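Order of the sequence lines sets the chain letters (A, B, ...), proteins ahead of strands, with each chain counted from 1. Since the model is a prediction, treat every value here as computed from it, not as a measurement.
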Amino acid sequence: MAGKTLYDKLWDDHVVHREDDGSCLIYIDRQLLHEVTSPQAFDGLRLAGRQPWRLERNLAVADHNVPTNHRDQGIADPISRLQVDTLDKNCAEFGITEFDMSDIRQGIVHVVGPEQGATLPGMTVVCGDSHTSTHGASAALAFGIGTSEVEHALATQCLVQKKAKNMLIKVNGQVGTGVTAKDIVLAIIGTIGTAGGTGYTIEFAGTAIRALSMEGRMTVCNMAIEAGARAGLVAVDETTIEYYRDRPYSPKGDDWHMAVRYWERLHSDSDAKFDKVVELNAAEIKPQVTWGTSPEMVVAVDAAVPDPEQETDAVKREGMQRALQYMGLQANQKITDIAVDRVFIGSCTNSRIEDLRQAASVIKGRQKAASVKQVLIVPGSGLVKQQAEAEGLDQIFLAAGFEWRDPGCSMCLAMNADRLEAGEHCASTSNRNFEGRQGYGGRTHLVSPAMAAAAAIAGHFVNVAEEQGASA
Amino acid sequence: MKAFTQLNALVAPLDRANVDTDAIIPKQFLKSIRRAGFGPYLFDEWRYLDRGEPEMDCSNRPLNPDFVLNQAQFQGAQILLTRENFGCGSSREHAPWALEDYGFRAIIAPSFADIFFNNCFKNGVLPIVLSPELVDSLFKEIETGYQLQIDLEAQTITTPSGRVIQFAVDENRRFRLLNGLDDIGLSLQHADKIKAYETERAKRAPWLFRNA
């Protein structure tokens with residue numbers, strides 16, 4: 001019998017019941033809740049007179065609507081405020097632990113989960129949010145769900161699922177100077193496309209993935225969904241185990257040792273069979289910049305905007321033309337000639353302490369370009385913010401003319417007050433460059449924190465690999 | 001949930017690939033804590049010429065005459081015909097809620113994003129996957145506006161010319177949709193199995209059960 005993939009092992013460990021057609025009732029170890037996709041689920045429970053199956057498996061935090069400044073004044077938008085108040089009320093009514101807006105542990109749900117040790121290796125993790133794939137960095141089977149499934153997981157601690165196929169993405173070799181986890185995952189999406197992973201769980205492997213910190217692996221798994229895969233995974237190694245040592249919700253004492261023994265088997269067997277294997281050479285990956293309105297519309301920073309006339313597929317060509325029109329760009333225009341109006345460094349993709357260090361490291365005492373209207377630095381959690389301030393990063397940002405904000409999703413999707421104006425170009429460390437995502441008519445370019453900070457200084461995109469290579 | 005058995009309805013063609021959930025229902029409308037009322041804001045940024053805000057009265061908003069759902073021959077459409085990777089992006093169930101609230105009961109495309117596909121079945125909306133060639137042929141036929149007949153029991157689509165197209169659908173999902181069944185009630189029939197699983201798992205992974 002062929003060996004098992006990591007995904008096979010995680011799946012098999014959680015099957016409660018199997019139907020004749022292959023769909024399974026899967027046990028859910030952890031549900032994370034936020035204010036946008038949970039109110040209708042709690043309403044559903046109330047209507048049916050149901051209680052959560054296991055209260056302690058749920059953890060709630062408001063992140064999408066929260067303001068990132070003047071937080072002591074509360075939420076100005078009454079509709080946003082009602083949604084956050086509704087989460088507070090629902091958690092109080094049902095007895096679910098919530099880190100509310102005044103809690104230092106509050107932040108983006110996908111930053112908070114690993115930071116607290118609330119999402120652990122070997123768990124099944126769900127949240128009404130597609131970027132739940134982030135938690136797969138610790139070899140947890142983690143995926144986003146809709147609100148009906150949020151209610152289902154609350155009521156039964158299970159979900160009805162069909163097993164996905166196995167895909168292995170190996171990134172071999174080492175990345176060059178200035179090339180980050182974000183560039184790796186954008187290059188992967190550029191290679192396989194936004195639907196390349198549909199129907200699969202992707203395991204990321206290879207020396208370049210192994211060399212990443214846990215935070216880098218989270219960045220990669222976070223964007224598995226942008227490649228179409230609901231879940232991304234990285235096998236457990238020493239980096240994983242060290243990360244979870246002494247986290248607030250991590251197992252303690254004998255439990256810790258027992259858990260580590262269990263976690264150490266969370267890797268694909270050497271003879272495991274994958275339905276699809278994709279290999280990339282890390283040395284060939286350069287800093288990436290998206291030019292269009294889908295994450296697969298991405299090129300290296302030293303390249304030019306592609307020409308739709310060269311595309312033979314009619315549907316794709318029209319998509320490219322529409323994207324160029326929306327983005328206000330010309331075919332064959334150099335990426336480094338694109339001026340940026342605003343810069344956003346944050347989101348569940350890139351708002352952890354290492355991301356902020358990366359951004360701060362490229363500033364080198366310089367100021368943001370006068371043509372750049374605003375540079376928002378939004379840490380992923382109150383604890384990330386506290387750590388950054390202890391390291392003096394906030395002072396580096398403020399000295400450069402950047403804004404240092406409170407934690408939340410912020411301008412990744414602009415549900416709070418942080419947003420682009422129509423026509424503005426934004427260098428953004430977030431995960432989606434869809435039309436209108438960061439504000440009506442806004443034009444998003446997805447990049448790494450280092451690339452975003454460098455663009456803020458220069459006023460246009462620059463190749464940080466060249467900058468950093470020259471100074472190295 | 002509304003059951004889905006048969007549908008004989010007008011088709012609207014949305015000829016774009018990778019239609020994302022931000023396009024289907026922009027984020028500002030996600031602030032609602034209700035499940036209904038998203039229909040007027042479906043495809044808001046494409047459908048209207050002004051900027052939509054939550055709780056806005058849409059009856060007097062300027063319509064984009066180029067957008068397909070605003071064209072006279074597609075008024076009352078309940079079937080959406082579209083291209084690859086429909087529903088990509090966020091997990092927001094507000095997307096199928098908005099489609100359903102607008103009146104769509106079925107969506108035909110060569111492929112769908114996984115989470116969206118799954119969310120449709122929870123809301124009485126049938127997503128149908130057909131080959132890119134078949135979808136292409138339907139796009140060519142329906143330019144003038146026509147009806148398709150969908151039969152979930154028989155898993156067939158019938159065109160006005162009498163052509164019958166078979167489609168595949170997962171048996172478990174088909175059964176639930178045909179009967180409009182509540183997933184949670186069905187899963188709770190396995191409550192004993194869930195409890196037995198927890199007892200057995202607590203032996204293998206006791207650290208997960210310490211705060212119980």
### Query
Mind checking whether B/Lys31 and A/Leu82 have side chains closer than 4.5 Å, heavy atoms only?
no
### Message
So for B/Phe116, is it side chain, backbone, both, or neither that comes closer than 4.5 Å to the heavy atoms of chain A?
### Response
neither
### Task
Counting only heavy atoms closer than 4.5 Å, note whether B/Asn172 contacts chain A via side chain, backbone, both or neither.
both
### Query
Taking atom types as modelled and ignoring hydrogens, do the side chains of A/Ser148 and B/Arg35 form a donor-acceptor contact shorter than 3.5 angstrom?
yes
### Message
Is B/Arg201 in contact with chain A via its backbone, its side chain, both, or neither, using a 4.5 Å heavy-atom distance?
### Response
side chain
### Query
Does the pair A/Asp129/B/Arg92 count as a salt bridge with the N-to-O cut at 4.0 Å?
no
### Query
Using a distance-only test with no angle check, is there a side-chain donor-acceptor pair under 3.5 angstrom linking B/Glu198 and A/Tyr27?
yes
### Query
Think A/Arg54 forms a cation-pi with B/Phe209, using NZ or CZ under 6.0 Å from the six-ring centre and within 45 degrees of its axis?
no
### Query
Is the shortest distance from a Lys or Arg side-chain nitrogen in B/Arg210 or A/Asp255 to a carboxylate oxygen in the other one below 4.0 Å?
yes
### Query
Using 30° and 60° as the class limits, which term best fits the ring planes of A/Trp263 and B/Trp207: parallel, tilted or perpendicular?
perpendicular
### Task
Answer with side chain, backbone, both or neither: which region of B/Asp183 has an atom nearer than 4.5 Å to a non-hydrogen atom of chain A?
both
### Query
Going by atom types alone, do A/Gln40 and B/Trp97 pair a side-chain donor with an acceptor below 3.5 Å?
no
### Message
So for B/Arg83, is it side chain, backbone, both, or neither that comes closer than 4.5 Å to the heavy atoms of chain A?
### Response
side chain
### Query
Any Lys/Arg nitrogen of A/Arg437 or B/Asp22 sitting under 4.0 Å from an Asp/Glu carboxylate oxygen of the other?
yes
